[in-house]
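Here the structure is a predicted model, which is why all the values come from computation and not from measurement. Below, read A as the first sequence line, B as the second, and so on, with proteins coming before strands; counting in each chain starts at 1.
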Number of protein chains: 2
Amino acid sequence: MKQRPKAVATKAKILEAALDLFRERGYEAATMRAIAERAGVALGNAYYYFGSKEHLIQAFYDRTHVEHVAAVGTKLDDLKDFKARLLLVMRAKLESIEPYHRFAGLLFRSAADPASPLNPFSAESQPVRQEATEIFRKVVAGSRGRIAPELRAELPNLLWLYHMGIVLFWIHDTSKGRRRTWRLMERSVDLIVKLVGVASLPLMGPVRRAALGMVRELRGSTQESAA
Amino acid sequence: MKQRPKAVATKAKILEAALDLFRERGYEAATMRAIAERAGVALGNAYYYFGSKEHLIQAFYDRTHVEHVAAVGTKLDDLKDFKARLLLVMRAKLESIEPYHRFAGLLFRSAADPASPLNPFSAESQPVRQEATEIFRKVVAGSRGRIAPELRAELPNLLWLYHMGIVLFWIHDTSKGRRRTWRLMERSVDLIVKLVGVASLPLMGPVRRAALGMVRELRGSTQESAA
DNA sequence: GTCTATAACCGGATAGAC
DNA sequence: GTCTATCCGGTTATAGAC
């Protein structure tokens, strides 16, 4: 199973060519033939390394996640406020995906198909999903302030879901510099912080329990085992 | 612009063939060639009437909406309680779409593409979206009980969005009889009613305003003019 | 195991003749 | 309005070279 250096290099070359072309021309125009040509390999060779065009996109997924984590870097260490931490992570997210906006929509096409491995809720995506949730776990874990304990446990998953919602909006956002998404993100972060505050009030016990019960139900369907 | 009877008949023939084949074989297997053949027309002729395969699906959309409205019928008139009304509409929704579960996933592939006319947030879908929101407007309008006025105005749109979320879950739900979706729907309706109650408390003014402000922002991006 | 080259299949979409 | 012919790109197949 050990791959030879040459194979690794070829695979990387193909992936880079694909990502470049996705950026430059969007999804449809970046044909497999063009990708292979740009990478300097035969069409069949591209398929040798990537079973389909969608597999190329899975790699894109991974890449944006890595870039997101890199963009956050160690900056979280300096912040103790929940809102500041969440804002940091969300800003880094939007910045890291921006270069790919052009073809993100078409990507989402596959992602929405329940049968597609690209679907963020699919079993195949579980590792990526779990990794992506990890950063929100960090956000919550390092936050000072009153957050109801049951909420603290579920919050990372909720934040991951929330961030998927923002990405969904971003995909549809055609405003210059994605202004609308940024505004929505900032407002919604503010709202989330408020809601977490309210939900953590002792009085809100029943509502909180109803909400968390439902969320666990929702999560159960896609991930049989919770982390 | 008046269409000749022959044209209407041909178009209908093609549409019926398409819906039949979608039901029988699912989306992918129902090729445009097969549809044309079943309808007894040439491939090019199918494209003369329906610009793309996706346009055929738009018709499918419309049909499920009509069926939903039919399933609700006049039953709303008998109920004055918000929760009961919302439950009625949501149950009718799940029942009316159930026969199509098998290929709904593949349909939603296109629906998720921002560039697709099928996208529920797209301009092309605005009529359908508005119609679909209408039923939630009715739900709210006929409900007795304390609901903050600003909330009342925005609630139909929020409920439409909520119902889209439930449908999204339903698409991914492989449990027998879609049990999980039903349970989630019932729990979430309960939660929504609780939340509306809490949000309508005078004390919640700031949170409510933050939430509604954000929602309007969100809505603004897809519908330039609010109803 | 890695890679090339080439041809072919399939289905969505289009052009242009009738 | 309807057809036939054709294009185009994802995908597969094949046969062989290093």
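Between A:I14 atom CD1 and C:dT2 atom C1' the separation is 11 Å, expressed in whole Å. Counting to the nearest Å, the C1' atom of C:dA13 and the NE2 atom of B:H55 are 13 Å from each other. The distance from atom NZ of A:K53 to atom P of D:dT12 is 14 Å, rounded to the nearest whole Å.
Note: B:W160 and B:H163 have tilted aromatic rings, judged against thresholds of 30 and 60 degrees for the angle between ring planes.
Between A:R85 atom CZ and A:L76 atom CG the span is 4.5 Å, to the nearest 0.5 Å. Considering CZ of B:F169 and CE of B:M164, their distance stands at 15.5 Å, rounded to 0.5 Å.
The stretch residues 30-39 of chain B comes close to DNA chain C through B:T31, B:M32, B:R33, each having a heavy atom under 4.0 Å from the strand. The stretch residues 42-50 of chain B touches DNA chain D through B:A42, B:G44, B:N45, B:Y48, B:Y49, each having a heavy atom within less than 4.0 Å of the strand.
Under a cut-off of 6.0 angstrom, the local environment of CD in A:E37 is sparse, with at most 12 non-hydrogen atoms contributed by other residues, nucleotides or ligands. Around NZ of A:K138, the count of heavy atoms belonging to other residues, nucleotides or ligands within 6.0 Å does not exceed 12.
Side chains of B:Y162 and B:S188: a donor-acceptor N/O pair is present below 3.5 angstrom, by distance only.
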What do the steps show when you test B:R187 against B:D190 for salt bridge (charged side-chain N to carboxylate O under 4.0 Å, His left out), and what is the final call? CA-CA 5 Å; B:R187 288 184 97 139; B:D190 183 64; over 6 Å; no

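Minimum interatomic distance between B:A59 and B:L15 (heavy atoms only, all atoms of both residues): CB-CD1, 3.4 Å.
Between A:K6 and C:dT2 there is no side-chain polar atom (N or O) within less than 4.0 angstrom of OP1 or OP2. In this model, the phosphate group of D:dT2 is approached by a side-chain N or O of B:T10 to a distance below 4.0 Å at OP1 or OP2.
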